[in-house]
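Only this structure's heavy atoms are used, side chains among them; waters, hydrogens and symmetry mates stay out.
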Amino acid sequence: MTGRALFDAHKLHAVLELEPFLLSLAKKPNPITLTQCHQIHAKLIITQCISQTHLANTLLSFYSKSSNFHHAHQLFNKMPHRNVVTWTTLISSHLKHGSVPKALKIFNQMLLSDERPNEYTFSVLLRACSNHDFWSVGLQIHGSLVRFGLDRDKFAGSSLVYMYFKGGNDLRDALRVFNGLLERDVVAWNVMISGFAQVGDFHMVQWLFSEMRDVQGLKPDNSTFVSLLQCCYLLLEVKQIHGLVYKFGAEIDVVVESVMVDLYAKCGDVSSSRRIFDSMEEKDNFVWSSMISGYSMNNRGEEAVRFFKNMCRQRVKLDQHVLSSTLKACVEIEDLNTGVQVHGLMIKNGHQNDCFVASVLLTLYASFGDLGDVEKLFRRIDDKDIVAWNSMILARARPGHGSSHSMQLMQELRRTTSLQIESATLVAVLKSCENESDLLAGRQIHSLILKSSLCHHTLVGNALVHMYSECRLIDDAFKAFVDIEWKDDSSWSSIIGTYKQNDMELEALGLCKEMLNEGVNLTSYSLPLCFSACSQLSAICEGKQLHVLAIKFGYNRDVYVGSSIIDMYAKCGNIEESENVFSEQLEPNEVIFNAMICGYAHHGKAQQAIEVFSKLEKNCVAPNHVTFLALMSACSHAGYVEETLHLFTLMLDKYKIKPKSEHYSSLVDAYGRAGRLEEAYQIVQKDGSESAWRTLLGACRNHNNTEIGEKSAMKMIEMNPSDHAPYVLLSNIYNAEGKWEEAIKCREKMAKIHVKKDPGSSWLV
DNA sequence: TTAGGGTTAG
């Protein structure tokens with residue numbers, strides 16, 4: 001008797017000592033190791049505490065959390081007494097780390113034993129059944145829940161509502177269960193709010209939230225705010241919810257902060273994202289990756305890369321999200337160096353075959369023409385999804401590579417996988433057909449599209465228009481355009497661009513008008529095309545109307561739109577209006593400056609062009625080759641020979657810009673106009689482009705220089721025998737010099753080799 | 001002692 005009492009006291013002491021220790025371990029976020037589990041197991045056996053069901057349950061949860069199912073089951077089988085917690089722990093661990101069928105098998109065993117499942121058991125099971133594959137099982141479990149009288153319980157009921165939202169997308173059943181609950185706690189309300197937020201029913205979310213606020217003693221928590229934030233599309237809305245979080249005095253957790261970082265960036269306010277990020281005490285991987293993608297989606301790729309490098313310096317763990325977001329930024333800013341470093345980190349962190357990360361990496365390598373490694377990367381990806389295939393097909397659709405490889409890949413995709421082809425797949429394959437030699441493949445894809453459900457997809461239609469346009473089949477492009485059911489700005493831009501490229505400006509402008517009549521919202525893509533059509537036709541009235549619309553939609557200060565307006569007014573003869581638009585630009589870049597300089601060049605205002613260039617230098621904007629071409633052409637036309645030469649050397653020496661043929665031609669033009677034909681001849685011999693020779697020949701014609709004129713004409717005929725220009729110019733030189741015989745010979749030669757002069761045309765009647 | 005709701009990337 002005494003011995004037994006003494007033993008029990010020992011046991012009690014051991015329990016008192018072990019219990020807090022086990023509890024503290026259970027609270028730790030990381031699962032404990034198998035060795036630690038064994039040590040605890042041994043200690044429980046030695047102290048004979050293993051027979052205490054609650055302690056054995058805790059050990060069972062340790063084995064389960066670390067996915068040591070074998071040991072968990074061994075312990076479970078040996079336990080002399082099991083309770084509902086024992087069963088629920090085992091079921092829950094299989095659901096979290098193992099498989100749903102195994103969990104269901106254990107649940108069936110539980111039902112066959114005398115143990116009754118409780119609200120916790122049902123809660124975990126129902127949540128697992130929200131996966132669509134187990135939908136019918138979920139309905140059966142709902143039946144059991146009713147039999148056990150737990151269907152109105154707040155725990156089991158909340159999970160049931162969750163299941164109807166996620167698995168069945170059944171809002172009515174979810175609402176019915178919710179209305180039937182005996183008690184609705186914050187979790188129950190959150191499940192409802194999040195369910196309606198996911199399906200985009202924001203009115204319902206609003207209503208539920210106001211109802212919830214009326215319930216006494218209930219306060220929205222972080223989870224509520226996350227769901228509310230998911231309903232935000234506008235910056236103002238994000239700010240409002242941000243304010244609400246403070247109003248309710250909630251202790252903001254890392255998840256809410258992460259969502260706000262992500263959303264502010266999605267609404268274009270990266271500075272607010274960064275402010276929240278910097279103020280966060282606890283930062284998880286999620287928020288680091290949100291910050292990187294935030295920079296990237298706002299066209300601030302350089303900052304994304306800098307942020308990533310800073311993150312590496314701080315030794316933050318790199319996950320797939322961080323790596324793929326960074327690579328996306330590298331693709332955007334064409335930063336191969338960082339991309340290669342990220343590749344190394346992918347290997348180091350074991351993510352080299354991750355589908356998300358490898359898909360972007362192959363896009364990056366492909367954009368630098370490294371196609372050999374791309375294929376290897378693709379083949380190694382685990383569980384390739386449709387986006388990985390699309391990326392690979394697009395990687396192979398590089399200009400000049402033909403369509404065969406992309407077509408083969410799509411056939412392989414259809415033959416070997418059960419993945420559903422997406423619009424992006426077709427867009428990628430069509431991209432590889434943008435050449436007349438690949439037209440047959442393009443037509444095959446077109447017929448495939450017509451047979452599929454994707455024929456009404458706007459993106460696919462746009463790709464077809466583009467493909468036919470690149471193959472110079474204007475009628476087919478137009479037919480494909482007509483077939484697009486929901487034409488967007490891009491559809492109209494494609495067809496207008498097609499007509500413009502093929503010198504059909506009148507038709508292009510007609511389509512611009514039609515587009516406006518259709519009420520399509522003009523954007524920074526379509527507006528420049530419309531302005532360009534106007535300028536080519538000198539259609540200033542239409543141009544002015546479009547200018548008003550550009551102001552109305554707030555695009556007049558967009559660099560692409562702004563430069564096209566400046567160009568349109570200049571080409572339509574209204575340089576004053578170009579100057580007005582130019583002066584309205586808040587942060588003019590080189591494209592805007594170039595448009596103004598070109599405008600002055602066209603109007604023969606060399607002095608003003610040079611003044612604009614000085615302004616550009618003062619604003620620390622880097623000029624490009626177009627800037628110098630416009631400046632040199634303005635100066636050469638005005639007869640400023642020395643100034644043209646000065647600009648040419650400035651371009652080379654100060655700005656390190658490699659001259660193109662056009663620059664040489666401009667230089668030749670300047671010398672030619674001044675009659676300095678020998679110097680011009682020296683330059684042409686160095687450059688040797690057809691356009692430079694043509695310019696020189698023109699100058700010889702103006703200055704009646706037969707000697708260099710003959711040399712130039714011979715060179716041009718050698719370079720392009722079917723061109724009529726050298727014959728005409730040369731015969732003009734002979735005529736001017738009175739060498740009629742030579743002139744006739746020249747024309748005869750031209751007739752002999754069937755070179756015909758294009759008839760002249762004029763806009764003036 | 002078991003348990004329900006919320007976040008990111010290509």
### Message
Does B:dT7 have its OP1 or OP2 closer than 4.0 Å to a side-chain nitrogen or oxygen of A:Q198?
### Response
yes
Result block: side-chain N/O donor-acceptor pairs under 3.5 angstrom for residues 192-209 of chain A, not counting sequence neighbours:
{"unit_1": "A:D201", "atom_1": "OD1", "unit_2": "A:M204", "atom_2": "N", "d": "3.2"}

### Message
Of the listed nucleotides (B:dT7, B:dT2, B:dA9), which one gets closest to any side-chain atom of A:K266?
### Response
B:dA9
### Task
Could I get the full list of side chain to side chain donor-acceptor pair (under 3.5 Å) partners for A:T121, not counting sequence neighbours?
A:T88, A:N118
### Residue pairs, two or more places apart or on separate chains, that pass ring-ring contact (aromatic ring centres under 6.0 Å, His included) and touch residues 280-299 of chain A
A:F277-A:W288, A:W288-A:F307, A:Y295-A:F307
### Per A:F155 side chain, nearest of listed nucleotides B:dA3, B:dT8, B:dG6
B:dA3
### Query
Mind checking whether A:H242 and A:Y246 have ring centres under 6.0 Å apart?
yes
### Task
Return the nearest nucleotide to the side chain of A:F286; candidates are B:dT7, B:dT1, B:dG10.
B:dT7
### Task
Quickly work out the A:W189 CH2 to B:dG4 P distance and round it to whole Å.
22 Å
### Query
Any N or O donor-acceptor pair linking the side chain of A:H321 to the base of B:dT8 at under 3.5 Å?
yes
### Query
Side-chain donor or acceptor of A:S359 under 3.5 Å from a matching atom on the base of B:dG10?
yes
### Query
Looking at DNA chain B, which of residues 110-125 of chain A put a heavy atom within less than 4.0 Å of it?
A:Y120, A:S123, A:V124
#### Entry: side-chain N/O A:K328 vs B:dA9 OP1/OP2, d < 4.0 Å
no
Donor-acceptor pairs under 3.5 angstrom involving side-chain atoms of residues 377-386 of chain A: please list them, not counting sequence neighbours.
{"unit_1": "A:R379", "atom_1": "NE", "unit_2": "A:E375", "atom_2": "OE2", "d": "3.1"}
{"unit_1": "A:R379", "atom_1": "NH1", "unit_2": "A:E412", "atom_2": "OE2", "d": "2.8"}
{"unit_1": "A:R379", "atom_1": "NH2", "unit_2": "A:E375", "atom_2": "OE2", "d": "3.0"}
{"unit_1": "A:R379", "atom_1": "NH2", "unit_2": "A:E412", "atom_2": "OE1", "d": "3.1"}
{"unit_1": "A:D385", "atom_1": "OD1", "unit_2": "A:V387", "atom_2": "N", "d": "3.2"}
{"unit_1": "A:D385", "atom_1": "OD1", "unit_2": "A:A388", "atom_2": "N", "d": "3.0"}

### Message
Once hydrogens and angles are ignored, does a donor-acceptor distance under 3.5 Å link the base of B:dG4 to the side chain of A:D185?
### Response
yes
### Task
Determine which pairs satisfy salt bridge (charged side-chain N to carboxylate O under 4.0 Å, His left out) with at least one residue from residues 294-308 of chain A, sequence neighbours left out, and list them in order.
A:R300-A:E303
